[in-house]
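Here's the structure, in structure tokens; my notes come after.
Sequence lines set the chain letters: A, B, ... in the order given, protein chains first and strands last, and positions in each chain run from 1. Worth knowing before you read on, the calculation uses all heavy atoms, side chains too, and leaves out hydrogens, waters and symmetry mates.
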Amino acid sequence: MVEALREAGVGRGDLVALALAPGVGLGMVVPRPDGLRQALALAADDPAAVVAAVDEALRPRWVMWSKDTAAVLVKAGVRVATCWDVAAIHRMLFGGWHDQPARAWALVHGLAPSTIPAAGVLDLFSQAGEAAGADPDGPVRADGHLAPDWTGGGWSTSPERLARWAELAAQVAERQLVLLAALAGGGGAEGEVDDVVLPVADEIRPRALATSRSESAAELLCAELEVDGLPVDREVAETIIAGFAGPRPRGEADAARERARRDAEVLRHAPDGSRFDLRSPGQVKSLLRRIGIEVPDTRAWRLEGLREAHPVVEALLAWRKAERVATTYGYAWLDEHVGGDGRLRGSWSGSDGAAGRMTASAGLHNMPADMRGAVVAEPGHVFVRADLGQIEPRVLAGVAGDRALAAAAGADDMYAPVAEQLGVDRDTAKVAVLGAMYGQTTGHGAQVLPRLHAAYPVAMAYLDAGDRAGQAGRDLRTYGGRRVRMGSDSGNLDEIGEREARGRAAARGRYGRNALVQGAAAELFKIWAVTVRARGAALDARIVLCLHDELLVHVPEANADDAAALVADCLDETAHRWSPTTPVRLVADLSVIPTWSDAKG
DNA sequence: TGCGGCTATTG
DNA sequence: CACAATAGCCGCAG
């Protein structure tokens with residue numbers, strides 16, 4: 001296969017579409033000098049090995065429908081260097097989280113999403129009539145949509161079908177490239193990607209193609225994160241859980257007894273004979289009212305100040321903490337998500353439906369700080385942990401092109417120069433900047449907002465543009481070119497009323513304002529992560545966790561210092577590559593640690 | 001059984 | 001609770 005591709009003229013970075021199925025084979029589609037494409041089908045029990053050989057020899061950019069393809073490869077032990085991920089680029093170009101092949105295909109062909117045929121449902125009318133194409137068994141119907149029997153898995157049954165499926169991915173990629181180029185070139189021909197609000201449009205457009213590459217590589221990283229998992233010491237984890245929720249219950253009756261014991265610790269402070277379900281917010285409110293505490297809700301931050309009012313409050317807050325561990329991060333969580341090899345595994349998404357941050361399930365992104373002591377490097381290994389400092393205000397300075405704010409970003413702590421500029425203390429400056437990015441209109445920070453506008457008018461105007469677009473329900477594009485759908489769910493005025501309609505518009509405004517910053521920060525973070533992924537392979541350094549502004553890299557002890565230096569170098573490289581016309585300084589806190597909880601801060 | 005509300009955890 | 005997310009339990013509608 002390597003020779004065939006070499007003869008076809010495939011070189012480093014050339015797009016080669018790929019579809020494979022273990023035990024069946026693979027299909028590859030390569031570009032030809034005459035502009036047409038050539039399909040290759042190969043029967044093979046271990047198609048991933050073929051892909052590995054080609055990647056090693058030629059290092060093409062693999063066109064894949066989604067990270068499902070990467071997952072098949074990674075499970076077979078094959079990690080390719082680069083790809084063109086149709087699903088990820090679809091989400092970037094069109095927004096939202098829908099990224100199935102049928103949708104990606106439809107939108108690059110200008111077909112309305114509402115006309116996409118339902119998968120898995122036998123469509124008698126289509127079979128019988130006008131929707132059937134010239135080739136009734138072919139993947140493309142007469143109406144232009146992909147056929148449900150193909151999208152439903154029919155592509156994987158033979159090498160020839162795999163090749164056709166790869167060919168379709170290549171066609172979508174080609175059209176995606178045109179749309180990206182239209183974004184980058186500022187052309188107006190492609191109305192579909194041009195009818196959105198583009199604050200400082202000239203700054204945004206050149207980024208789109210680069211973003212499509214880093215977002216694609218992030219999909220490879222996600223596939224690897226899903227397979228590799230996060231190292232967890234099960235014994236340590238059980239000890240921590242036991243400290244909150246008691247020993248592991250031997251059965252359902254035992255668990256019920258333990259629950260009752262925890263409940264009793266709170267209820268003994270309640271009036272005699274009263275029966276309240278602590279898991280029901282309404283009944284907790286009743287319980288508090290009974291002892292003379294009237295609250296609109298029972299959230300922890302509201303009860304925090306009432307600890308002195310009655311001993312039940314203290315007991316309740318402790319109960320809530322234990323209950324959280326017992327239900328969400330308890331023994332059931334360990335059993336379900338930590339494998340026999342001591343790896344915590346969840347599903348990863350390279351970009352969520354909103355601004356494009358990575359998301360993860362199984363508690364990987366919201367594990368309580370108390371549990372982090374259980375995240376322990378394997379024998380002979382350590383973690384290199386790095387987190388970006390003040391990433392969002394730094395990103396804001398860059399994407400908005402605010403030279404004054406970028407100058408402040410030159411400091412290790414950029415809130416210090418901002419505070420000096422505003423003539424306020426550091427905490428006030430920090431709250432004000434964060435408030436501006438979140439859309440806060442009341443409180444301590446908001447009082448300084450006028451000074452913030454005066455000092456950093458360019459950044460504030462950028463945020464306000466996002467806010468206005470959001471309020472009007474107009475879609476946005478981030479600095480990297482991701483479309484953020486605002487979906488004008490303004491609601492029926494007759495039903496919701498003027499007041500609530502204004503409230504919703506304001507909420508959309510805050511959403512749009514924040515999406516520009518959070519989305520751009522996510523793009524920058526992913527560039528950093530995929531750079532570490534690529535460069536770290538030579539040191540056996542594997543990213544095991546991505547946490548919005550933090551990387552956890554698992555590496556053999558002997559390579560720890562090299563890996564730490566590499567992570568720092570990769571950040572410099574990222575700053576250089578991402579850096580807009582107004583460069584900003586990026587800072588990271590780095591540590592080499594055996595356990596996640598050893599990290600400072 | 002599905003869904004909105006409430007709550008807690010994280011960045 | 002100003003932005004984002006995942007997740008569990010309760011109460012209610014169907």
Take atom [atom1] of [X] and atom [atom2] of [N], then tell me their distance rounded to the nearest Å.
X      : N     : atom1 : atom2 : value
A:L303 : C:dC1 : CG    : P     : 13 Å
A:R510 : C:dC1 : CZ    : P     : 11 Å
A:R299 : B:dT7 : CZ    : P     : 5 Å
A:L434 : C:dC1 : CG    : P     : 18 Å
A:E323 : B:dC6 : CD    : P     : 19 Å
A:L316 : B:dA8 : CG    : C1'   : 13 Å

Could you list all N or O pairs between the protein and nucleotides 10-14 of chain C that sit under 3.5 Å apart?
from   : atom 1 : to     : atom 2 : distance (Å)
C:dG11 : OP1    : A:S280 : OG     : 3.0

Q. A:W301 or A:A360: which one's nearest nucleotide on DNA chain C is closer to the 5' end?
A. A:W301
Q: Can you tell me which residue pairs pass the side chain to side chain donor-acceptor pair (under 3.5 Å) test with a partner in residues 518-529 of chain A, sequence neighbours excluded?
A: A:E215-A:K526, A:T478-A:E523, A:N514-A:Q518
Q. Can you check ring-ring contact (aromatic ring centres under 6.0 Å, His included) on A:F525 and A:H548, steps first, answer last?
A. CA-CA 7 Å; A:F525 176 81; A:H548 308 313; 7.7 Å; no
Q: Just do the side-chain contact (heavy atoms from CB on, under 4.5 Å) check on A:L422 and A:L452 with the steps written out, would you?
A: CA-CA 7 Å; A:L422 301 184; A:L452 212 50; 3.6 Å; yes
Q.
List the residues meeting side chain to side chain donor-acceptor pair (under 3.5 Å) with A:Q283, not counting sequence neighbours, and say none if there are none.
A. none
Q: Using the test side chain to side chain donor-acceptor pair (under 3.5 Å), find all partners of A:E238 that sit at least two apart in sequence or belong to another chain.
A: A:R248
Polar pairs (N or O, both sides) under 3.5 Å between protein and nucleotides 9-11 of chain B?
from   : atom 1 : to     : atom 2 : distance (Å)
B:dT10 : OP1    : A:A369 : N      : 3.0
B:dT10 : O3'    : A:R372 : NH2    : 3.0
B:dG11 : OP1    : A:R372 : NH2    : 2.9
B:dG11 : O3'    : A:L547 : O      : 2.9
B:dG11 : O3'    : A:D549 : OD1    : 2.6
B:dG11 : N2     : A:R357 : NH2    : 3.1
B:dG11 : N3     : A:R357 : NH2    : 3.3

Q | A:T595 side chain vs A:S597 backbone, donor-acceptor pair below 3.5 Å | A | no
Donor-acceptor contacts under 3.5 Å from residues 225-236 of chain A side chains, at least two apart:
from   : atom 1 : to     : atom 2 : distance (Å)
A:E226 : OE2    : A:K67  : NZ     : 3.1
A:E226 : OE2    : A:W348 : N      : 2.7
A:D228 : OD1    : A:R79  : NH2    : 2.7
A:D228 : OD2    : A:R79  : NH1    : 3.1
A:D228 : OD2    : A:R79  : NH2    : 3.4
A:D233 : OD1    : A:E235 : N      : 3.0
A:D233 : OD1    : A:V236 : N      : 3.1
A:R234 : NH1    : A:D335 : OD1    : 3.4
A:R234 : NH2    : A:V338 : O      : 2.9

Q) Quick one: is C:dC9 close enough that its OP1 or OP2 comes under 4.0 Å of any side-chain N or O from A:T327? A) no
